[in-house]
Structure formats: structure tokens, C-alpha cells
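The sequence lines fix the lettering, A, B, ..., with proteins before strands; numbering per chain opens at 1.
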Amino acid sequence: MKTILAALALSTALVLPGLALARPVTLTTTLNNYGGNGAYLAFYVSDASGAYMGSLWMAGGKSKYYGHLTDWHRVTAGDLSQINGITGASVGAGRRLEITLDLADALFDAGYTLHIDAAVEDMRESPNEVAVPLTTDGAGNSVRGRRYIADFNYSM
Amino acid sequence: MKTILSAIALFAAIPVGAAMADSDDCNVSSSNWQSREAVTRMASEKGWTVHELKVDDGCYELEGRDRGGRRIEVAIHPATLQVMDVEYEDDDDRGNARNAAPAGTVAPPKNGLFGNGAPPKVQQN
């Protein structure tokens, strides 16, 4: 029995490093006090050529508003399967959203860009509010958005 | 014959879709706007309770409840007071058929961006 357990432990140790091609990454987004309702935010990734790769998070649960996240909506056609399991509440003015995701290592230092589209009811839409290259060196660097995001950074 | 009827039905449906697509924007000069009182009077005639009346994309936007008590959001043409669009606010809350599955209820999508499918951790301060 001990031999089996030892063999199992050894094989697990050998196999897991191969599978551990991901790491927890925390995306921290702080909104400024724009004085409106909660913001819808779409987090998504494009490759070096600008082609949409996939979504990381959708802040805001009602799909009828997704059309206001114009760039995200254009590349996904509003396909809800893109954001199943990665959708949460909209973010209030002045609030901070922290999302920790298990992201593939291959996303970093490979020419990928993280985009955030933002929209607020009765206020101007802000596609590509933030666009930051995903690099290990860029972790922890703060970026300001164009209209609603006071500060964004990712850490790992 | 059925094919012809189907084709006619399809073409007949297209202008409706186009009209709906345009329904978000009203383009009326301010001198042609009817008063807010006229809007609330029209709403009252329909049996609606008005909670809020505002302007969105150049149209009146009324939030309230219909005769049956359902929450509604109505886009109204400011010159003709024609009802351009009615949204029932509970449509999106009834089940998740038309919304994405919230985080934690299903695994993240297999789009190559995520590692082992661990659910996201979310915090809002």
C-alpha cells in the first residue's frame, strides 16, 4: 500500500508541474466618482494582431445592456457563452472591484492585450476604456482609464 | 405557395426589425416636443403608474408599472407620444435563460485563457 501511495505521490509530482501552466492573477479596478449608476465592464483579451481571443470577466448581469459595451459586443456579437461562469455584478461609482482568476501562463509576454469596455446608464459609452499589454513586467503597474476607471492594475 | 408566403412573411418582417433597431433614438427639435404632463396623461390613460420620466437618446423614457403591476421601461416619441418600445424589467430576472450564468454556477468558458477551471474570486469594496 505504501509503495502504491509513494508511486502515486511521485507520479503526481511529476505530472502536476506540467499541468501547472496557470497562475492566479488579480485584476483590480477602481472607478472614479462619475456620479451615475453602476458601471458595466467587459474584460477581454486580444492577440498581437488585435483579434479577439476570449473574455475574462463581465461586470453586470443584464444582457440587454451589453450592446453598450460596443467593442466587446462587436467582436462577440453578444454571445453569452463567452461569459458564462465569469459574470458578476456591475460596479458602483467610486467602488473597487477585485477579481482573482486562474489564468494561463501563456497569456503573458506573448503579445496579448487586456481590454476593458465600460458603459453607464444615461452616460457615454466608453469602449476600450483601458488597454494594457499582458506582461510579467507590467504586473502591478497602474493604468488610468479614459472616462470611468480611476485605476487599473493586475498582479500575480 | 407556402414558399412564396414564407418569403413574403420574411420580407414583411424586415422593416419591423429595422424600425426596432432605430427605436433607440428620437430626433425631434425641442419646439416639437410635447410636455411632460402630456406624457403622464397618456400613461395614465393606459393605466400606467409613472415612477420616473426622463429623456434618453432624445426620447422620453418612462419607468413605472403597467396596469398589472409589472415594472416597465417605455421609450416614447417626444412629438407623437407614440410608444416606441416597452421593456418589462422582470424579463431578465425570470430565470437565467437570457443572461449569462453567474460566476460560481458553472466553470469559466474553455477559451484557452483560463487554467484549470477554478471559479473566479470576486470582491467589491
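Applying the 6.0 Å contact sphere to NZ of B:Lys54 captures more than 12 heavy atoms from other residues, nucleotides or ligands.
Of the two parts of A:Gln82, only the backbone, made up of N, CA, C and O, holds a non-hydrogen atom closer than 4.5 Å to a non-hydrogen atom of chain B. Contact of A:Thr30 with chain B is not made at all, since no heavy-atom distance falls under 4.5 Å. For A:Leu107, the part lying near chain B is the side chain, with the backbone staying farther off; criterion is any non-hydrogen pair under 4.5 Å. Neither the backbone nor the side chain of A:Thr28 comes within contact range of chain B, judged by heavy atoms closer than 4.5 Å.
Side-chain N or O atoms of B:Asn111 include one that pairs as donor or acceptor with a backbone N or O of A:Ser55 at under 3.5 Å. Side-chain N or O atoms of A:Arg95 include one that pairs as donor or acceptor with a backbone N or O of B:Asn125 at under 3.5 Å. B:Asn99 contributes a side-chain N or O that, together with a main-chain N or O of A:Ser63, makes up a donor-acceptor pair within less than 3.5 Å.
In this structure the side chain of B:Pro120 never reaches within 4.5 angstrom of the side chain of A:Thr100, judged on heavy atoms. Looking at A:Arg96 and B:Gln124, their side chains never come closer than 4.5 Å, going by heavy atoms from C-beta outward. B:Val122 has its side chain within reach of A:Trp57: a pair of non-hydrogen atoms, C-beta onward, lies under 4.5 Å apart.
When all heavy atoms of B:Pro109 and A:Ser81 are compared, the closest pair comes out as CB-O, 3.8 Å. Closest approach of B:Gly112 and A:Ala104 over heavy atoms only: O-CB, 3.8 Å. Of all heavy-atom pairs spanning A:Thr87 and B:Ala100, the tightest one is OG1-CB, 3.6 Å.
The greatest number of non-hydrogen atom pairs below 4.5 Å with chain B, out of A:Leu97, A:Asn84, A:Leu103, A:Val91, is found for A:Asn84. Looking only at heavy-atom pairs under 4.5 Å with chain B, the residue among A:Val25, A:Thr29, A:Leu101 that has the most is A:Leu101. Interface summary for chain B: among A:Gly94, A:Ala89, A:Ala106, A:Gly61, the most heavy-atom pairs under 4.5 angstrom belong to A:Gly61.
For residues 142-156 of chain A, an interface with chain B (any heavy-atom pair closer than 4.5 Å) does not exist.
Each of A:Leu56 and B:Val106 belongs to its own hydrophobic cluster when Ile, Leu, Val, Met, Phe, Trp and Tyr are linked at side-chain heavy-atom distances under 4.5 angstrom.
Residues satisfying the side chain to side chain donor-acceptor pair (under 3.5 Å) criterion with A:Thr70, sequence neighbours excluded, are absent altogether.
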